[in-house]
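When reading the values below, keep in mind they use all heavy atoms of this one structure, side chains included, and skip hydrogens, waters and symmetry mates.
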Amino acid sequence: MTIRSRLTLWYTTLLAVILLVFGVVLYAFLSAKLYSDVKSELKTQADAIQQNIIVVEFFGRRTYTLPRLEGFKSASFFLQAYWIRNGRLIQESNVDFHMDFSAQAERILREKENFYETFEAVNASTRERLRMMAYYQPVYVENEIVGVLQVSTPIEGVMTTLQNLEYFLWILSVCTLALSASMGWFMARKALKPIGLIIQSTQRIENGADLDQQIEYHGPNDEIGQLIETINNMLARIRNAYSELEESYSMQRRFVSDASHELRTPLTTIRGNVDLLEKMWNRARDEKAAVTGEELDMSVEALRDIAEEARRITRLVNDLLALARADAGVEIEKEPVEIRPLLDEVARRAQFLPRTAEWVPGDFSIADGVKVLGNKDYLQQLLFIFIENAFKYTDTGEVRLEVLKGGQGRYIGFRIQDSGRGIEPEALPHIFERFYRADESRGQKPGTGLGLAIAKWIIDEHEGSVEVTSLVNHGTTFTIWLPVLQSPE
């Protein structure tokens, strides 16, 4: 059963229960009210007769006689009485048919209380059957019961009214339920129409993998509107996540391709040199001749190339391992590191790096007593990555290392500035990507293209930031900021 059908059934059932309770309460209230009015009229007639008792005095003796009942005769009330004369009950009536109520009279004389009764009477002349209600009351004169009065009235009108009310309630209920079911079905269909749109959109996404789908909704911002807005936001997030995943896959494929390219070159060199050595050694063994001086020089050169390419592969593998640890979420172990000794050590060792530019370390005195929470080895590697890059791309001029403070002493900065060839503006957003190198320098300068990616990971692990400014043929400046753990100030 669909939600639309269930909602319609629930609405109809709930309305049916409400109508049933309403009808029962209305019927009971009206029935009680009508019968209460009848009883009140019966009692009013009986009290009127009670007040019109005839008192007769004869020779000093007082006798009591009920009024003639014909005077109280009306179209809707019928009067009968039993009164006591000489110890007997004598009946008097103003109706065309007599209804024996001696048993009720004897009950009243015995229990001395009034009561109501519903019964069926038959007209003696017309044989008409009437449903009536009677009121029985003892007649007192000076605290002495002198008779019993019965006042009755037909209740056919009351019964007909209640029966008509019952028919009306049934017809009203059926019509109301039918109309409610139709309106409920229509309203449920209209209210759930956006749900159908959601289903259609999700099915299109499922069948066609079209994540650009958006559910169109122009209704009020109710629960359905909020649901559609949430789903649209969720689809947007899924679309963004899918795009990021595609970009990640693309980067991964490019990473594998670049890594393969970087590994292929040294392996090809090693393999070529190994083949060359194998040919020379096989020739010398087959001819049983000594290796000539030229061949010996070639062998030494080949071994040197093999060693150099092996070191290159080692650096590449170490860089890949560092990035693999970064991708695996490995956290760097940190401890308080004093900055001044770190900078002095880096400045001393940097002067022995292969370079053609002048090495100019600055004044590190403002770093005295400053500590950061970090890893000394990784911080040294970070600085050497930027310094080696500066030397690599600066043929003439100088490379400077300076220290500075920022954020009112809350950050310590390292500025590595060179006067080399600089970086093209379109290449700046990509310099921290793996294996990325500007087209102009690719193949001209040795390297794996992973250094800056590793540097960015180290900076992120130390909760720092890096700023880059560059001007083509005028040099590049990298400024690394790290939060200060302890400062003399």
Side-chain angles (χ1 to χ4, degrees), residues 25-163 165:
V25 172
L26 178 61
Y27 185 89
F29 173 78
L30 187 58
S31 175
K33 182 66 171 63
L34 292 176
Y35 282 113
S36 176
D37 292 343
V38 172
K39 291 179 180 180
S40 178
E41 289 294 330
L42 291 175
K43 189 174 186 305
T44 300
Q45 289 287 340
D47 291 341
I49 295 173
Q50 179 80 26
Q51 293 173 2
N52 286 274
I53 294 176
I54 301 173
V55 180
V56 179
E57 290 188 6
F58 185 72
F59 295 106
R61 184 179 179 181
R62 182 178 296 176
T63 60
Y64 304 94
T65 305
L66 291 174
R68 296 191 59 82
L69 299 181
E70 286 80 357
F72 294 90
K73 183 177 180 179
S74 67
S76 57
F77 291 95
F78 305 99
L79 309 177
Q80 293 187 114
Y82 277 107
W83 65 85
I84 303 172
R85 288 183 181 177
N86 300 324
R88 292 185 306 165
L89 291 175
I90 301 176
Q91 185 176 8
E92 182 180 353
S93 175
N94 68 344
V95 296
D96 297 334
F97 51 90
H98 297 279
M99 297 169 285
D100 182 31
F101 65 100
S102 57
Q104 290 83 350
E106 291 176 357
R107 172 184 170 183
I108 290 176
L109 293 176
R110 181 176 63 253
E111 299 179 0
K112 298 181 180 180
E113 64 180 10
N114 50 5
F115 64 94
Y116 296 91
E117 181 185 30
T118 301
F119 60 92
E120 187 177 80
V122 180
N123 192 316
S125 59
T126 63
R127 312 304 298 176
E128 179 185 3
R129 292 181 176 274
L130 295 176
R131 193 70 180 172
M132 305 186 70
M133 176 178 286
Y135 173 66
Y136 303 94
Q137 174 179 294
V139 179
Y140 286 93
V141 175
E142 295 182 356
N143 295 327
E144 179 182 358
I145 297 178
V146 297
V148 177
L149 180 65
Q150 178 203 60
V151 182
S152 60
T153 185
I155 57 174
E156 293 292 340
V158 174
M159 296 178 63
T160 301
T161 300
L162 293 177
Q163 189 175 22
L165 176 63

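By the side-chain hydrogen bond (donor to acceptor under 3.5 Å, both in side chains) test, Glu113 is found to be paired with no residue, residues two or more places apart in sequence or in another chain being considered. With sequence neighbours left out, the side-chain hydrogen bond (donor to acceptor under 3.5 Å, both in side chains) criterion links Lys39 to no other residue. Tyr135 pairs by the ring-ring contact (aromatic ring centres under 6.0 Å, His included) definition with Tyr116, not counting sequence neighbours.
Geometrically, Arg107 does not engage Tyr136 in a cation-pi contact defined by less than 6.0 Å to the ring centre and at most 45° from the axis.
Annotation: the span from Thr160 atom OG1 to Leu165 atom CG amounts to 12.5 Å, rounded to 0.5 Å. In this structure, the separation between CD1 on Ile155 and CG on Leu34 is 10.5 Å, given to the nearest 0.5 Å.
In this structure, Thr118 and Arg131 approach most closely via the heavy-atom pair CG2-NE, 3.7 Å. Closest approach of Val158 to Tyr35, counting heavy atoms only: CG1-CZ, 4.0 Å. Contact detail for Met133 and Val38: the closest heavy-atom pair is SD-CG1, 3.9 Å. Considering every non-hydrogen atom in both Ile108 and Pro138, the closest pair reads CG2-CB, 3.5 Å.
With contacts defined as side-chain heavy-atom distances shorter than 4.5 Å, the pair Gln104/Glu117 qualifies. Val151 places none of its side-chain heavy atoms less than 4.5 Å from the side chain of Gln137. Inter-residue side-chain proximity for Thr153 and Glu41 is flagged as unmet; no heavy-atom pair is nearer than 4.5 Å.
Ser40 places no side-chain N or O within donor-acceptor distance of the main-chain N or O of Ser36, the cut-off being under 3.5 Å.
Just one residue in the list Leu109, Asn114, Val139 forms a side-chain contact (heavy atoms from CB on, under 4.5 Å) with Val148, and that residue is Leu109.
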